[in-house]
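Here's the structure we're looking at; comments come further down.
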Amino acid sequence: MVLKLFVMPRKVRVRFAPSPTGPLHIGGVRTALFNYLFAVKHKGDFILRIEDTDQARFVPGAEAYIMESLKWCGLHYNEGPDIGGPHEPYRQSDRKDLYRQYAENLISSGNAYYAFDEPDTLDSLRKQYESEGKVFQYDASTRLTLRNSLTLSEEEVTRLIETSTPHVIRFKMPENEEIRTTDLIRGEVTFHTALLDDKVLYKADGLPTYHLAHLIDDFLMEITHVIRGEEWLPSFPLHVLLYKAFGWENDMPQYAHLPLILKPGGQGKLSKRDGDKMGFPVFPLQWTDPFTGEVSSGYRESGYFPEAVINMLAFLGWNPGTEAEFFTLDELVDAFTFDRVGKSGARFDPEKAKWYNQQYLKYKSDEELTSLFIPILQKKGFPINPRHIKKVTALIKERLVFPQDFWEQAFYFFEGPESYDQQMQKKVWKEDTPGIIASVRELLKETKDFSSAGLEALIKNYIEQNNIGFGRVAAPLRLLIVGSGMGPHLFDILEMIGKEETIRRINKGLEMIQ
RNA sequence: GGUCCGUUCGUCUAGGGGUUAGGACGUCAGGUUUUCAUCCUGGUAACGGGGGUUCGAUUCCCCCACGGACUACCA
């Protein structure tokens, strides 16, 4: 029976653990996505944990923003601060009392120590080293010269702690060990502890650092796989050592470090600070900075569909190995594996994001799109006729990238042009045009059949009898009806706007173009 | 500076010891369309450099270059 417990595979449990220091950016969304895909694929749990141990960088509203973003993307978590779960609480500030004892355990076992150095002391040491062309590191080479429980007497340490002297707890990094471990994406990776420093695990403010907190929580929450950004790779050995120091190595999760998403233009990873200064949103949802009031655009408000954003994000650093490029969330779940995740950073391509959106828009039903366009028309004060709007939708949907392109591409179904495109006018408005248009107008007035096909037959008959080209009629007529060369089949437009409006626009245009 | 990770068309990528190095976005040209968009067809364009290993390397190994990440009492 006992043996059976050992071989029983653990249920997959992954977590997305952002810190609420601002809006989540799309790199974060992708990390969440990959976690979600892996969890669902393995019928495991996807947990949201808020890592708010840095009180100085706390931003109000960020936590709610993160949850709303995940919801918008359809990335549902099984446990989290708002929905609870078996390992509550899911906010590190609410678990504050838990961490100190673990840090002290590490001291008892000789893996950590108290340090009383003031930040200023360390700062000036860094500067001093720098001026000598060296880099100061709190490690085996320096720790014995500093103020900590390794150099102070036991009585002195006790006294300092009892008098609440500000202090931190540092990890005692082994002097010279090779750490060889495995990353799900990169394979074997090696590090040398000689280059690592004695990281602070517990801060003077009474809160743990990321390194301590995330690890204890991952252990307590029975996380089996840590899927995070590549920026964590350098501290991976510290985490491995920490698991060892706690004696938890058998429960250590497997790690996957995702390649970063880079700026489109060139250097560096895409960051929150980029805002939407680069001409595209970097945030899933619009965000208003609570301190400065500055507004950054979001994918949602810019007219992107969450399915398109998810699809696009999944393909940044991952691919199915086939030529298929459209995947729903469920299909991504089926197809996702770590061995198809790339190792190198992926430059974000705003053009491709737009293209994905265009494709998703095109495949949406006319009904669904119609319901998206109705509010646009309502805002403009037009009476709403869903049946009519649906017909317009069918006619123009393939020329839209975003729902809000609707008005620009379809206004002429609702109101006549305000002006006439100069280029087009020059090209198609000949001396005899007014005469031709005037006689066409009379034909239109008289006809009983104002259907698209009927009108087309009518005009074709006219050009044959007068022996002129189709374009001599159609092009100027379009100019009068639409105001430019855009739009679907001309007679479809005429049918939609009706005889009365058609004649009205012809008359108005004839007057204005002289 | 140091450490770690990476390097196939402009971008996202497939591939893998012998291939016409494939696809997608973009771009260009042609076709369809009375126009625009869509759509179709076609073109452009890549294995960073140098050494090995090998009959043969873009593919395996090493070095260099370049890029990125990290180097806080931030995550």
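Per chain, numbering begins at 1; letters A, B, ... match sequence-line order. All values reported here derive from a predicted model rather than from experimental measurement.
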Please determine, for the side chain of [X], which listed nucleotide ([options]) has the closest atom?
X       : options                : value
R347(A) : U34(B), C12(B), C73(B) : C12(B)
E398(A) : C73(B), G26(B), A37(B) : A37(B)
K343(A) : U38(B), C70(B), G6(B)  : G6(B)
A346(A) : A69(B), G23(B), C12(B) : C12(B)
E351(A) : C12(B), C74(B), G26(B) : G26(B)
E323(A) : U3(B), G23(B), C73(B)  : G23(B)
L260(A) : U38(B), A75(B), G68(B) : G68(B)
K199(A) : A69(B), U71(B), C39(B) : U71(B)
P234(A) : U34(B), C70(B), C74(B) : C70(B)
Q359(A) : C39(B), C70(B), C74(B) : C39(B)

### Task
Would you kindly compare E325(A) and K460(A) by the position of their nearest RNA chain B nucleotide and give the one closer to the 5′ end?
E325(A)
### Task
Between V473(A) and P119(A), just flag the one whose closest nucleotide in RNA chain B comes earlier from the 5' side.
V473(A)
Between [Y] and [X], is there a salt bridge with N-O shorter than 4.0 Å?
X       : Y       : answer
K127(A) : E130(A) : no
D205(A) : K203(A) : yes
E230(A) : K269(A) : no
D94(A)  : R91(A)  : yes
K391(A) : E495(A) : no

Opposite nucleotide pairing with [N], Watson-Crick or G-U, both atom distances under 3.5 Å:
N      : value
U27(B) : G43(B)
U32(B) : none
U38(B) : none
C4(B)  : G68(B)
C9(B)  : none

Determine the interatomic distance between [atom1] on [N] and the same-named atom on [M]; round to the nearest Å.
N      : M      : atom1 : result
G50(B) : U7(B)  : C1'   : 16 Å
G18(B) : U54(B) : C1'   : 12 Å
U58(B) : G48(B) : P     : 10 Å
U8(B)  : A24(B) : C1'   : 15 Å

### Task
Identify whether any heavy atom of D117(A) sits under 4.0 Å from a base atom; if not, whether one sits that close to sugar-phosphate; answer base, sugar-phosphate or nothing.
base
### Message
Base, sugar-phosphate or nothing for P488(A)? Non-hydrogen atoms, less than 4.0 Å.
### Response
base
Spacing between [X] atom [atom1] and [N] atom [atom2], to the nearest angstrom:
X       : N      : atom1 : atom2 : answer
F236(A) : G6(B)  : CZ    : P     : 13 Å
D183(A) : C70(B) : CG    : P     : 16 Å
L195(A) : G1(B)  : CG    : P     : 16 Å
R340(A) : G15(B) : CZ    : C1'   : 10 Å
D197(A) : C74(B) : CG    : P     : 13 Å
K263(A) : G67(B) : NZ    : P     : 16 Å
L395(A) : A37(B) : CG    : P     : 17 Å
H192(A) : C70(B) : NE2   : C1'   : 17 Å

[N] phosphate, OP1 or OP2: any side-chain N/O from [X] under 4.0 angstrom?
X       : N      : answer
R186(A) : A69(B) : no
K354(A) : U11(B) : no
R126(A) : C73(B) : yes
N319(A) : A14(B) : yes
K269(A) : G67(B) : no
K134(A) : G2(B)  : no
K352(A) : U13(B) : no
S344(A) : G68(B) : no

Check: [X]/[Y] side-chain N/O donor and acceptor closer than 3.5 Å:
X       : Y       : result
S439(A) : Y462(A) : yes
D52(A)  : S93(A)  : yes
K272(A) : T21(A)  : yes

#### Entry: Minimum heavy-atom distance between A213(A) and Y99(A), given as atom pair plus value
CA-CE2, 3.7 Å
### Message
Suppose we call a contact any N or O donor and acceptor under 3.5 Å apart; does that hold for the side chain of R57(A) and the base of C74(B)?
### Response
yes
### Pair of N/O donor and acceptor under 3.5 Å linking U34(B) base with H489(A) side chain
yes
